[in-house]
Trainee: 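Take a look at this one; I'll ask things after.
Every number for a ligand or one of its atoms is a count from 1 in the order of the listing.
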Amino acid sequence: MFRFATRTAIAALSLSALAATAMAAEVNVYSSRHYDSDDALYEKFTEVSGITVNRIEGKADELIARMSAEGDNSPADVFITVDIGRMGRAEEAGVIQPLHSDVITNAVPAHLRHPDDLWFGVSQRARIIFYAKDRVEHPPQTYQALTDAEWKGRICIRSSSNIYNQSLLASIIEADGAEEAQEWAAGIVANMARSPQGGDTDQLRAIVSGECDIAVANHYYFLRGFDKDIEGLSSGIDNIGWVWPNQSGRGAHLNLTAAAMTASSPNPDEAKALLEFLTSEYAQQHFADQNNEYPAVPGIGLGEGPARLGFFIPDTTTPTAAFSANAAKAQAIFNQVGWQ
Ligand code: FE2
């Protein structure tokens with residue numbers, strides 16, 4: 001188990017090694033992350049390394065298709081996506097390659113890296129349980145407990161085509177076996193307050209509107225309700241409570257924003273430098289903060305948003321690589337139990 005510490009100060013940069021090895025050059029990033037403020041992060045990398053960063057942003061599946069179509073001529077050096085299920089699709093498409101780096105291996109815990117170094121986690125997002133404080137006295141404490149008869153007609157969760165749910169189910173397959181995972185999925189369907197609709201924010205809005213008492217969502221959609229005025233959420237956010245699931249078991253399910261070197265990288269040295277930079281304290285803090293995420297590197301302080309959610313035990317026993325390895329099985333189970 002590793003603990004997240006609350007940040008008190010931003011530590012000084014120690015990127016001189018990078019600066020010493022880098023030459024005037026460039027690196028091309030295909031990213032499904034799109035925060036304007038990431039510009040500052042890449043500018044910092046350029047400042048310390050002399051390497052210019054060119055970014056192409058798009059939906060992960062489109063970027064994977066683009067890299068496949070470009071083949072050996074693809075200018076892409078680095079691929080970044082916000083769900084390991086999608087990184088699995090990149091692996092299947094053959095558009096990423098292993099990167100063996102002591103810097104990354106030493107910084108990122110093994111369960112957040114691909115076993116053959118095909119990719120590594122940069123930041124973490126938790127998929128947890130939310131509830132209406134005024135209508136739920138004893139909220140479910142585990143993913144499994146969401147299937148209890150008590151919650152019949154009370155749970156909101158988005159559709160099975162959503163990759164966050166696919167990765168959650170894939171983790172349950174890994175931890176509990178396919179049979180139990182199928183029972184779990186059937187149990188969730190039986191307890192749904194409505195047919196799955198909308199994104200994670202809409203599940204939280206449904207707690208505010210009273211349409212459901214329990215919701216499953218990624219943690220940052222909730223935190224966004226404090227940072228911004230989100231219609232239908234921010235005004236009622238004080239009535240939403242959260243549960244870190246499975247705290248006396250395997251821990252809470254966390255997914256990853258992950259990065260990889262592309263298979264045809266024309267600038268592999270620069271790609272390696274950028275990927276290693278992403279594990280630095282500066283990049284870890286900055287990258288995580290853009291979306292209220294948790295750093296992948298242990299010991300890095302938390303931003304204000306995640307600190308609000310308190311300490312928790314993450315699932316460090318289920319390898320993240322299993323989320324993509326079990327993706328097809330998860331889809332089959334969703335189809336079988338009729339999770340729309
Ligand atoms: Fe998201």
Trainee: Less than 4.0 Å between a side-chain N and a carboxylate O, is that true for Arg308 and Glu304?
Mentor: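 No.
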
Trainee: Under a 3.5 Å threshold, yes or no: a donor from one side chain and an acceptor from the other, between Arg125 and Tyr220?
Mentor: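 Looking only at side-chain atoms, Tyr220 and Arg125 do form a donor-acceptor pair, the distance falling under 3.5 Å.
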
Trainee: Determine the interplanar angle of the Phe222 and Phe226 rings, folded into 0 to 90°, and report it as parallel if under 30°, tilted if 30 to 60°, perpendicular if over 60°.
Mentor: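 Perpendicular, since the angle between the ring planes exceeds 60°.
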
Trainee: Angle at the Fe ion (ligand 1) between OH of Tyr164 and OH of Tyr221, to 10°?
Mentor: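 It is 120°, given to the nearest 10°.
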
Trainee: Quick check with a 6.0 Å cut-off and a 45 degree axis cone: is Arg127 positioned over the face of Tyr143's six-membered ring?
Mentor: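 Pair Arg127/Tyr143 does not count as cation-pi.
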
Trainee: Give a yes/no answer: is there an N/O/S atom of Asn291 under 2.8 Å from the Fe ion (ligand 1)?
Mentor: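 For Asn291, the answer is no, given that no N, O or S atom comes within less than 2.8 Å of the Fe ion (ligand 1).
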
Trainee: Within less than 2.8 Å of the Fe ion (ligand 1), any N, O or S from Asn218?
Mentor: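 Coordinating: no.
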
